[in-house]
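Here's the structure we're looking at; comments come further down.
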Amino acid sequence: MNQIDRRRFLAAGALGAGAALTGSLANARPAPARSASEPGDEHRGPCVVASGNGVRAVDKAWEMIQAGSDPAPAVVGGVGIVESDPNDMSVGYGGLPNEHGVVQLDASVMHGPTHKAGAVACIERIMNPAAVALKVLQETDHVMIVGDGATRFAVQQGFKEQDLLTDRAREAWLRWKRNGNPKDDWLDNDQIIRFGEQQGMAPGDAGAIPFTYGTIHCGGLDGAGNLAATTTTSGLSWKIPGRVGDSPIIGAGMYVDNDVGSAGATGRGEAVIQVCGAFLAVQLMEHGATPTEACLGVLERIANKTKRRDLLDDNGRPNFNVTMYALRKDGAYGSACMRPGGTFAVRDETGPGRRINSVVLFE
Ligand code: ASP
């Protein structure tokens with residue numbers, strides 16, 4: 001069986017498990033016996049997983065869990081390192097802004113033992129939105145606070161308001177804005193007049209216009225079998241102000257069921273929201289899928305539900321990427337991506353945080 005067939009075979013297994021659960025896939029093939037296993041299938045015991053940009057996050061969360069921390073503050077502490085890094089243009093400080101040049105952040109966190117969740121969306125001027133989401137979880141009866149209310153809540157909780165737009169992100173935004181519409185009043189990148197030390201620059205030599213779907217997800221399991229997870233992002237770059245992605249939506253970009261496992265997503269949030277991605281991954285695990293199969297099952301669901309022509313390639317497969325991450329209550333873990341390129345980070349008793357390629361659905 002070649003690699004693609006094997007992946008699809010595994011995914012069919014996961015979807016079969018889902019069919020047993022919901023009855024909504026009554027005609028789906030039954031779950032076949034597994035033909036191969038992924039490395040994370042066999043792991044048992046405490047573990048921290050994250051998206052591929054979270055190697056430092058898993059190390060930090062692991063350290064905290066080993067020192068006796070509850071997994072919720074541990075995963076939030078882990079992703080905080082990446083949120084505060086000005087060189088990471090996808091999350092927190094230094095994240096790429098919306099179409100008005102304003103950095104708006106989304107984050108969520110969920111705590112397995114209490115089954116309580118907290119989230120913030122479109123929060124501005126606060127560097128660590130996952131920590132604010134944790135305060136929503138700890139201090140309020142609400143699940144989600146958005147916009148100005150979220151910023152005000154954060155300030156009340158002692159978070160410092162600050163400008164999150166780094167010069168690098170602002171420059172990238174200007175490059176995007178200049179080239180957006182040839183008929184607008186902004187000169188295109190190759191037309192702008194430069195003086196002084198920039199005079200020698202070739203026209204348009206201002207660097208590529210970056211575009212990110214960038215996010216960090218982190219899930220942690222302690223020695224007592226308790227889980228927590230968080231997902232935090234600056235969202236889609238150049239988004240329409242007020243746009244909320246999947247990251248702060250409980251059950252879409254992140255979900256925890258302490259009896260089953262945790263899951264999270266990065267990539268095209270609109271696609272993940274429309275299949276309740278993280279919730280579906282946890283449900284698939286509850287009904288027998290391994291973490292990798294659960295991730296593949298979500299991606300298959302997204303592929304089946306993507307109808308818009310502009311979102312499909314010539315083979316009718318989604319032309320965007322989504323990467324799913326899952327951690328089961330016993331310590332098994334896995335990740336899968338729609339298209340090549342997805343990676344995830346793992347920290348367990350075998351050694352420091354390491355990055356692993358996610359299983360690919362469509363090679
Ligand atoms: N999922 C995030 C969103 O849609 C972006 C990402 O993961 O890159 O906001």
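Counting starts at 1 for both ligands and their atoms, following the listed order.
Taking every heavy atom of G269 and a limit of under 4.0 angstrom, the matching atoms of ligand 1 come to 1 (N), 4 (O). The atoms of ligand 1 that sit less than 4.0 Å from any heavy atom of T266 are 7 (O). Interface of G245 with ligand 1, defined as ligand atoms under 4.0 Å from a residue heavy atom, comprises 9 (O). The atoms of ligand 1 that sit less than 4.0 Å from any heavy atom of T215 are 1 (N), 2 (C), 5 (C), 6 (C), 7 (O), 8 (O).
Note: H43 and Y333 have tilted aromatic rings, judged against thresholds of 30 and 60 degrees for the angle between ring planes. Using cut-offs of 30° and 60° for the angle between ring planes, the W173 and W186 rings count as perpendicular.
Taking 4.0 Å as the cut-off between side-chain N and carboxylate O, D167 and R170 count as a salt-bridged pair. Salt-bridge check for R328 with D41: failed, with every basic side-chain N at 4.0 Å or more from each acidic carboxylate O. Using a cut-off of 4.0 Å between Lys/Arg side-chain N and Asp/Glu carboxylate O, E99 and R243 are scored as not salt-bridged.
Checked by distance only, ligand 1 and D246 come closer than 3.5 Å through their nitrogen or oxygen atoms.
The shell of residues lying under 4.0 angstrom from ligand 1, judged by heavy atoms, includes G267.
Cluster annotation: V146 is not connected to V103 through the hydrophobic network of ILVMFWY side chains, with a link wherever side-chain heavy atoms come within less than 4.5 Å.
Under 4.0 Å from ligand 1, the heavy atoms of R243 that appear belong solely to its side chain.
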